[in-house]
Amino acid sequence: MQDNQEKKETTKNTYDPKAIEEAFYAFWEKQGYFEIDGNKAIQKEGKNFSIMLPPPNVTGSLHIGHALNHTLIDIITRYKRMNGYKTLWQPGLDHAGIATQNVVEKKLLEQGIKKEELGREEFVKKVWEWKEQSGGMILKQMRKLGSSPAWSRTRFTMDEGLQECVKEAFVKLYNEGYIIQGKYLVNWCTHDGALSDIEVEYKENNGKLYHLRYFLEDSKDYIVVATTRPETYFGDSAVMVNPDDTRYSSLIGKKVVLPIINRSIPIIADSYVDMEFGSGAVKVTPAHDVNDYEVGKRHNLEQIVAFDKFGILNELAGEFQGLERLEARETIVQKLQELGFVEKIEDYKNQVGHCYRCGNVVEPYISKQWFLKKEVAKKAIEKINANEGNFFPPQWKNNYNAWMRELRDWCISRQLWWGHQIPVFYCECNHQWASTSTPHSCPKCQSNNIKQDPDVLDTWFSSALWPFSTLGFGNKEIGKNTLWNEEDLKEFYPNSLMITGFDILFFWVARMLMMGEYFFNKLPFPDIYLHALVRDEFGQKMSKSKGNVVDPLEVIEKYSADVLRFTLAILCAQGRDVKLSTNQLEISKNFTNKLYNACNFLLLNAQNFKDLKDLGELKTPLGKYLAELLSNTICEVRQNIDNYRFNDAASTLYRFLWGEFCDWGIELSKADKQSIEELGAIFKEAMLLLHPFMPFISEYLWHKLNGTTLEECGSIMVKEYPTFSYANANNFKIFELILDSIISIRRLKASIDLANQKIPLAYVNLALEDNLKPLFKSYVCKLAKVEELEFVSYKQEKCIADITEKLESYIPTTSIDLSPIIAKLEKQLEKTQKEVTKLENMLNNEKFVANAPKNVLETNQEALKEQKEKLDKINKELKTLKA
């Protein structure tokens, strides 16, 4: 495989990732490297690492947020695997109750079939068929990114084992009184049913505020109430005023008659009413408003439900019965206007809740539902605040606490057919019980006339169990299933780390924390890394409507998986959004080409290279210098990964490989060919260091330098991660001086237009031991293009000078005609001075400053600053040359 690829690339100057990525990945997977024993040869006793893939929806495909998440997880997983940990990156999919049911329903409707025509059992069969054929595409797409989870252990939140776990968890919570059923006001989507609070997305709405006249009973007087939802007035139980509002104090206790339907309701007083809002009088609809629900409980008001679960107005709406609530609004208002019940209608902006799945307007609705009591979360909250669980970045702990302080009982039932059916059973004798298995008869009266609760559990309920459900919890015949064994929970729970987006902190992370702590008395992971969003290069959120969505698969096709991974990693600073740009992708692409060309340069001088540990004592000064740089890099990279500072680790690798090794190391080796063997070994070690970030090119280049193929030598992903340590202070210091001198002399040559020409002489003012001078001169003369370098101890006359922190450099000007250089600089000086004057006049113009947009002012101020700096630099250069 690799021999043929190398033949193809012998004439290429750029790296071709397409030639290797698919083949390499297939080999890795076939060899079982991703599995928990894939690195058995280097595993260390008692070192286990586990991390769960946030299970993507079975309906989903790989988007750029997934690409970031999976890249970070893969970096830490490969790092731990190479450090000898028995490693489990647990893959899997979420059954995504609402989303999946909607997908399959739509497909059936395209065939003219309604799910009700099929019935529940046949519909669920259709969903399973769809799942087997089309679901899980994202797991295949993950392979393109180079992800390395234990594929053989892939789980699905509806697979047999997880169904057992969900039942076990539900029954335990039910029997201990933490799961209860009752009629409560819930968030209701007329398409998808009950929703939890965090499944409601609030959007600004340009609506209306309707001022309606409610006439007093047996009177021509009326009170005006303001509402944004006139269609709910059929469910009104009272009109409410503030007890301190003197306008209405005489009306408290009296009754008004609801328009059209003529039902009488009382006028009550409650300090909840804002006297400044509308007329200061509000209608109270306990069954259709969250705040009214609480008021209704305080005043023992009737909960009147005005429409059914599909949003259809019921018999209480009189002539409007049968109309859909939102569609009925205009008709109802028109009728109220005709009969003189509308005082006025105003434009009004408010926040309206929408279903996070289908976008439908959500209604508060009285419904009989199952709830998980908030007390389950109590110990998890305590343990987070006792620092048994740590957030990265740490400020997310404050967000977590703020949410948990306001925690309410979690509505866990959903009115769907696809999902974990609630394991509660009912008998005709009114007995109710929960069971992990389907009973044949009632345990109380022995009747076999029993039925199961028709609702399913919220998808997030099964997802909350993910850190341990995947490890066989609740499975009674655990040892018989090849996917897990009795040791899994001991070895991999608690998980080592959770990496996910901050946007599902409350949907998922908080719920895993409460469930893990409840069932095991341990938080499910000690560390929680929450990454930010991937935005476009201007910091805007990606959306189809803006046309700025980035498809990771297209990026991989154009640039390579390594380029996308490295770009995302280097941009991912803790707590900051990732601003993805074509420019940064191009930089990463150039980085791969830089590595490829460095490898080819090394191979011009040798057929293969030893491992650094097998090289023995380093002999060449350049080898020793680069070995120390590598040693420092290894230390920094390890420290950064251990602290989840992925961007800092990537930046450190980039600095060493591009700047210190490829730019300077390769160039310096041209003055010392004896160092090539050591440089090749150092570069191989650096490929091991780079591997978690760029697995494909690091594997490829390591084998090229090793003179082996992947098949005969195996993958570097199961070799030990570098721990190399080297220090030689004196040698390191001399090379710092060498580089400083080369840069200094090059800068001087550039200032007199001699950058690429060889000059006869340069001086360097530097105190250096005599035995080091030949080494110093050999590198400086070669790389700075100087025929002779002389060491001096004082300032040189008739020379141009460059002074650094470490040394002074001089180039004599006696034999150089400086007049054309001075003339060129004077022209630049004149042009720059004109630009400075123009910008100063503009910014001193009061009218311009008063009217110009802020960004225009800032741009011109920055331009003026840059031009002044340029002017200062030209003046200094002219002063030096004229002197």
_Quick one about Asn521 and Lys383 (side-chain donor to acceptor, distance below 3.5 Å, no hydrogens or angles considered), yes or no?_
yes
* Asked: In terms of side-chain geometry, is the basic nitrogen of Arg414 or Asp455 positioned less than 4.0 Å from the acidic oxygen of its partner?
  -> no
So, do Glu428 and Asn449 sit near enough that their side-chain heavy atoms are less than 4.5 Å apart?
yes
For residues His95 and Thr157, is any side-chain donor paired with an opposing acceptor at under 3.5 Å? yes
(request) Find out whether Phe525 and Pro494 are in side-chain contact, i.e. whether some heavy atom of one side chain is under 4.5 Å from a heavy atom of the other. (result) no
Charged N to carboxylate O below 4.0 Å: is that the case for Lys378 and Glu382? yes
Glu117, CD atom: more than 12 neighbouring heavy atoms under 6.0 Å: yes
Next on the checklist: Please check if the number of heavy atoms outside Glu330 that lie under 6.0 Å from its CD is greater than 12.
Outcome noted: no
When you check the side-chain N and O atoms of Ser413 and Gln369, is any donor under 3.5 Å from an acceptor? yes
Classify the ring geometry between Trp370 and Phe170 as parallel (under 30°), tilted (30 to 60°) or perpendicular (over 60°).
perpendicular
Open item on the list: If we count only N and O atoms by modelled type, under 3.5 Å, do the side chains of Asp236 and Tyr214 hold a donor and an acceptor together?
Closed with: yes
Mutual orientation of the aromatic rings belonging to Tyr365 and His288 [parallel < 30°, tilted 30-60°, perpendicular > 60°]
tilted
If you draw a 6.0 Å radius around CD in Glu406, do more than 12 non-hydrogen atoms from other residues or ligands fall strictly inside? no
Practice item. Answer with yes or no after comparing the ring centroid distance for Phe492 and Phe468 against a 6.0 Å cut-off, counting only values under it. Key: no
message: I'd like to know if the side chain of Arg511 and the backbone of Leu465 have a donor-acceptor N/O pair within less than 3.5 Å.
response: no
Sidechain N-carboxylate O distance under 4.0 Å for Asp409, Lys374: no
| message | Is a donor from one side chain sitting under 3.5 angstrom from an acceptor on the other, for Glu217 and Ser264? | response | yes
* With a 4.5 Å heavy-atom cut-off, do Arg120 and Pro454 have their side chains touching? -> yes
Does the gap between the ring centers of Tyr184 and Tyr293 come in under 6.0 Å?
-> no
Charged N to carboxylate O under 4.0 angstrom, Lys115 versus Glu122? no
Parallel, tilted or perpendicular for Phe123 and Trp417, by the 30°/60° rule?
perpendicular
Answer yes when Asp308 and Arg325 have at least one side-chain N-carboxylate O distance shorter than 4.0 Å, and no when they do not. no
Checklist entry - For Phe156, is the NZ or CZ atom of Lys131 found under 6.0 angstrom from the centre of its six-membered ring and inside 45 degrees of the ring axis? => result yes
With under 30° as parallel and over 60° as perpendicular, where do the rings of Phe215 and Phe341 fit, or are they tilted in between? perpendicular
Checklist entry - Are Trp418 and Trp128 close enough that their ring centers fall under 6.0 Å? => result yes
Go through Asn360 and His354 one step at a time and tell me if the side-chain hydrogen bond (donor to acceptor under 3.5 Å, both in side chains) criterion holds. CA-CA 5 Å; Asn360 197 6; His354 292 76; over 6 Å; no
Return yes if a side-chain donor-acceptor contact under 3.5 Å exists between Gln181 and Tyr174, otherwise no.
-> no
Among side-chain atoms of Asp94 and Trp460, is any donor-acceptor pair under 3.5 angstrom?
no
Quick check with a 6.0 Å cut-off and a 45 degree axis cone: is Lys309 positioned over the face of Trp188's six-membered ring? no
| said: Can you tell whether the side chains of Glu176 and Lys172 come within less than 4.0 Å, N to carboxylate O? | reply: yes
